[in-house]
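First comes the structure, then the notes that go with it.
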Number of protein chains: 2
Amino acid sequence: MPSYGQFCPVAKAMEVLDERWTLLIVRELLLGSTRFNELRRGVPKMSPALLSKRLRALERAGVIERTEGKGYALTESGLELRPIVDALGAWGVRWIPQIGQADLDPHLLMWDVRRTVPVENWPRARTTLAFAFSDVAPKDRYWWLVVNGDEVDSCDADPGYDVAVTVATSLRTFTEIWRGDLSWAAALRSGAVKLDGSASLRRQVPDWVGSSLLSQVARPA
Amino acid sequence: MPSYGQFCPVAKAMEVLDERWTLLIVRELLLGSTRFNELRRGVPKMSPALLSKRLRALERAGVIERTEGKGYALTESGLELRPIVDALGAWGVRWIPQIGQADLDPHLLMWDVRRTVPVENWPRARTTLAFAFSDVAPKDRYWWLVVNGDEVDSCDADPGYDVAVTVATSLRTFTEIWRGDLSWAAALRSGAVKLDGSASLRRQVPDWVGSSLLSQVARPA
DNA sequence: CTGTATCCATGGCGATACTG
DNA sequence: CAGTATCGCCATGGATACAG
């Protein structure tokens, strides 16, 4: 760990936090992940060796603790990174609206969607929402969101249940909706999203799918 | 600039901000520096080539603008990094109290001190406060803070004026006082700081020297 | 499931010198 | 004053395979 040679607290903080991937791991922990492979899902482009290395660095820095057989947990110090991560997210969503093609990833997106599904808006009986991303290679194109009571599952293989509604759109469009860059209303109006299902169910889809916590951040004028 | 391959706003923000030195440059700009060589004083361990590179990256990212003949200025986007830098500083001062020997630097320290001197607490007539850092190599050991009305100068060469008070201490102790890790009262009591001058002037020294904005941050219990 | 071990290419970055 | 130019090392971290 290279030092900045400065006593300034910002510099000391960045010595711990500015290494590549580090704050994304903290973000995952703040979102509730605790196990190694759970963390991997949040940073899939990271090699396990590097993830392991970063976790040890965070442990040495006192930001996380390994708990016996229970994975990793943020310490008090780590929990206090939440305002920083939140502020970074708010800044990012305001000032970096351009999302490159390489930033789109259906696995990450559906992983995010899954953990924020507002189950209270869904029918009580098991309900399945299907997605077809027109611009994604066939093997990752189709996804199913199955809500059964309080349980939510996100599948990239057909679970075989009756589908209530199918959402047909591009991965980019659905990502933009998730991020709050685009509204359901606008996307439906323009035809960027097409819904297939009964009219009464179609109308509920926007309420079934949550959105990023950062979607509500005001955009610059 | 390597990408994380994630649409998450935190990841997009970190693509811009997690490169080594970047947020320290932003910190300097937030503190009021605008010229290249002014910025260098705040990040003296950085090579000019690298500083130049980072400035161009920040410009491309829309965080700063070059203004004709006036150096660099934060854009609206850049100004909104203030809460992030502040939060990082607060976290750093709370959770990374250990300052290595290599983190101590009289130039950085006196540069910081100079820009926060509360001139309103000083006598109206030109007044000089001298420092002698016992544990610093002779050439960087002696410093003079000269306050004349609203003007503040920090010199590493004797300006030749009468000295009101001399502060004799270690660089570490004075850094700790500046950061708020140690109070003047405790340092004087323990003998870690010795003042030389008339009793009435000696008593004012703590009010003449400001302290880091972060010194007021509550420390963890 | 939870990581380690190993290998290798890349390029980041530190040091130094130099220029308009 | 405000940067470029050049060089070279070594660490970063990506990929892959493997182990407790």
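Below, chain A is the first sequence line, B the second, and so on; all start at residue 1.
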Between C:dG14 atom C1' and B:R54 atom CZ, what is the distance in whole Å?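 Going from CZ in B:R54 over to C1' in C:dG14 covers 12 Å.
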
Just how far, in rounded Å, is P of C:dG3 from CD1 of A:I25?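 Nearest whole value for this atom pair: 13 Å.
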
Qualifying residues under ring pair (Phe, Tyr, Trp, His ring centres under 6.0 Å), relative to A:Y4, sequence neighbours excluded: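 By the ring pair (Phe, Tyr, Trp, His ring centres under 6.0 Å) rule, A:Y4 matches B:W21.
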
With a 4.0 Å limit, can you tell me whether [X] has a side-chain N or O closer than that to the phosphate oxygens OP1/OP2 of [N]?
X: B:R35; N: D:dA2; answer: yes
X: B:K53; N: C:dG12; answer: yes
X: A:R40; N: C:dT2; answer: no
X: B:Y4; N: D:dG13; answer: no
X: B:R66; N: D:dG3; answer: yes

Minimum-distance nucleotide (side-chain atoms of B:F36 versus D:dG3, C:dC13, C:dC1):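 Looking only at side-chain atoms, B:F36 lies closest to D:dG3.
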
Could you list the protein-to-nucleotides 14-20 of chain D atom pairs, N/O on both sides, closer than 3.5 Å?
from: D:dG14; atom 1: OP1; to: A:R20; atom 2: NE; distance (Å): 3.2
from: D:dG14; atom 1: OP2; to: A:W21; atom 2: NE1; distance (Å): 3.2

Scan A:D105, A:L145, A:D140, A:D156 and name whichever one has a side chain to side chain contact (heavy atoms under 4.5 Å, CB included) with A:M110.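 By the side chain to side chain contact (heavy atoms under 4.5 Å, CB included) criterion, A:M110 pairs with just one of A:D105, A:L145, A:D140, A:D156: A:L145.
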
For B:V205, run the side chain to side chain contact (heavy atoms under 4.5 Å, CB included) check against B:V193, B:N121, B:V167 and tell me which one passes.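 Testing each of B:V193, B:N121, B:V167 against B:V205, the sole residue satisfying side chain to side chain contact (heavy atoms under 4.5 Å, CB included) is B:V167.
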
Not counting sequence neighbours, which residues clear salt bridge (charged side-chain N to carboxylate O under 4.0 Å, His left out) with B:R35? List them please.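 Listed in chain order: nothing, the list is empty.
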
Among side-chain atoms of A:S212 and A:D112, is any donor-acceptor pair under 3.5 angstrom?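 No pair is found: no donor N or O on one side chain lies under 3.5 Å from an acceptor on the other.
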
Audit row: A:K12, A:E15, salt bridge (charged side-chain N to carboxylate O under 4.0 Å, His left out) steps and yes/no: CA-CA 5 Å; A:K12 298 305 289 176; A:E15 285 179 12; 3.2 Å; yes

